[in-house]
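For reference, the structure is listed below as structure tokens.
Reminder, nothing fancy here: chain letters follow the sequence lines and each chain counts from 1. None of these values were measured; they are calculated from a predicted model.
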There are 2 protein chains.
Amino acid sequence: MLLELDFQSDVPIYIQLKVQIIEGIATGKLKPGESLPSVRQLAADLGINLHTVNKAYNFLKQDGFLVIHRQKGVVVNPDQSPNVNDEFITRLEGDLRPFAAEAYCRGMTEQQFGEICRNLFIEFKKTRGENI
Amino acid sequence: MLLELDFQSDVPIYIQLKVQIIEGIATGKLKPGESLPSVRQLAADLGINLHTVNKAYNFLKQDGFLVIHRQKGVVVNPDQSPNVNDEFITRLEGDLRPFAAEAYCRGMTEQQFGEICRNLFIEFKKTRGENI
DNA sequence: TAACTGTTATATTATAAATATAACAGTTAT
DNA sequence: ATAACTGTTATATTTATAATATAACAGTTA
């Protein structure tokens, strides 16, 4: 899977990695049980430091998206991704609220906002369908 | 309007201020034309530095949420909040995508996700209705 | 004149991000 | 067994950003 970094972005590199890997799982480009490059390999490929990759991997491991397999190294969780629990929903609502507020302030309609959110979600559904 | 800061949060203070002011406008707790505390006053009230407040105010001014009024100081844009333009939509989609991806990975349904987004939006509509 | 407004400038401190090396324990393949 | 790999841990340093501390300026207001 291709990972692209924007070094000009104000988003930290390890967050960019984390987000892109989750999106990769969402689209099916990264499949359950699939191995990821080693921390050293990926760091070398991207021209960044080993610890930056390790930081991203560890966040994803802690969330249950990745597991460490004795033989295969870092692997996409073969069982399934972590659940939707109350903690996640609370966090999600807190994270999304500012965006909803700004959209509402700017005069976006409920339909517009709903459609953008739904389309983003559907996009993953579709793409995973194609990649499985 | 009451502003509350979480000094333990990993979200920078000036971002917390920016978000809460936008949410205040969205809920109608901050009305068009209404004055905000001076940078020195708000900084003193919150126990933070003048420049931290100024930084938040300037971001909001740049986005068109606030204007500087000769007499009244910093004021909620009396005309209206900034528009929904293509730039905003592009930025919004980019910002929301990671959350949609994670929600989808965790097995959230399109209905669940859509409802959470819609409810957040509706909440502002309702609250502003009450506050106007 | 005095007290306020936002603004600008400069310097410093604190924290987080990213890097640089090095080493350890365990696995894998030659 | 040796060599090459795996993630992990430790330590130190550099870089960038966040936040603070003082000070001053130009304009407004009472």
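- Within the 4.0 angstrom heavy-atom criterion, only backbone atoms of the sugar-phosphate kind lie near B:N58; the bases stay farther away.
- Residue B:F88 qualifies as enclosed at atom CZ: its count of foreign heavy atoms under 6.0 Å is above 12.
- For the OP1/OP2 pair of C:dG6 and a distance below 4.0 Å, the side-chain nitrogens and oxygens of B:Y57 include no atom meeting the criterion.
- Picking from D:dT8, C:dA18, D:dA18 the nucleotide with the shortest atom distance to the side chain of B:P12 gives D:dA18.
- Between the CD atom of A:Q8 and the P atom of D:dT17 there is a distance of 11 Å, rounded to whole Å.
- When distances are taken from the side chain of B:Q71 to each of D:dT29, D:dA18, D:dT20, the shortest belongs to D:dT29.
- Spacing between atom CD1 of A:I15 and atom P of D:dT17 amounts to 16 Å, rounded to whole angstrom units.
- Side-chain atoms of B:H69 stay outside donor-acceptor range of the base of D:dT28, with no qualifying N/O pair under 3.5 Å.
- D:dC5 atom P lies 16 Å from atom CG of A:L42, rounded to whole Å.
- Nearest to the side-chain atoms of B:I13 among the listed nucleotides C:dG6, D:dA19, D:dT8 stands D:dA19.
- The pair A:E87-A:R91 does not meet the salt-bridge criterion, since no charged nitrogen lies less than 4.0 angstrom from a carboxylate oxygen.
- Rounded to an integer number of Å, the gap from A:Q16 CD to C:dA17 P is 13 Å.
- B:F59 places its CZ atom 11 Å from the C1' atom of D:dT17, with the value rounded to the nearest Å.
- Distances from the side chain of B:N54 to the nucleotides C:dT8, D:dA18, C:dA17 place C:dT8 closest.
- Residue A:K55 is the one, among A:K55 and A:K72, whose nearest nucleotide of DNA chain C lies closer to the 5' end (criterion: closest heavy atom).
- Between the CG atom of B:L60 and the P atom of C:dG6 there is a distance of 14 Å, rounded to whole Å.
- Taking only side-chain atoms of A:R40, from C-beta outward, the nucleotide of D:dT6, C:dA9, C:dG6 with the closest atom is D:dT6.
- A donor N or O paired with an acceptor N or O is found under 3.5 Å between the base of C:dA9 and the side-chain atoms of B:H51.
- Counting to the nearest Å, the P atom of C:dA17 and the CG atom of A:L17 are 13 Å from each other.
- Nucleotide D:dT15 holds its P atom 14 Å from the CG atom of A:N49, rounded to whole Å.
- If you check C:dT19 for Watson-Crick or wobble pairing at under 3.5 angstrom, you find it paired to D:dA12.
- The side chain of B:T52 contributes no N or O atom lying less than 4.0 Å from OP1 or OP2 of D:dA19.
- Not one N or O on the side chain of A:K125 forms a donor-acceptor pair closer than 3.5 Å with the backbone of B:E110.
- With both pairing distances under 3.5 Å, D:dT28 is matched to C:dA3 as a Watson-Crick or G-U wobble pair.
- Distance from the side chain of B:I48 is smallest for D:dT20 among the nucleotides D:dA18, D:dT20, C:dT7.
- Ring planes of A:Y104 and B:F121: perpendicular class, angle over 60° (limits at 30 and 60°).
- A close approach under 4.0 Å does not occur between any side-chain nitrogen or oxygen of B:Y14 and OP1 or OP2 of D:dA19.
- Atom CD of residue B:Q20 and atom CZ of residue A:R97 lie 11.0 Å apart, to the nearest 0.5 angstrom.
- When only modelled atom types and interatomic distance are considered, A:Q41 and A:D45 share a side-chain donor-acceptor pair under 3.5 Å.
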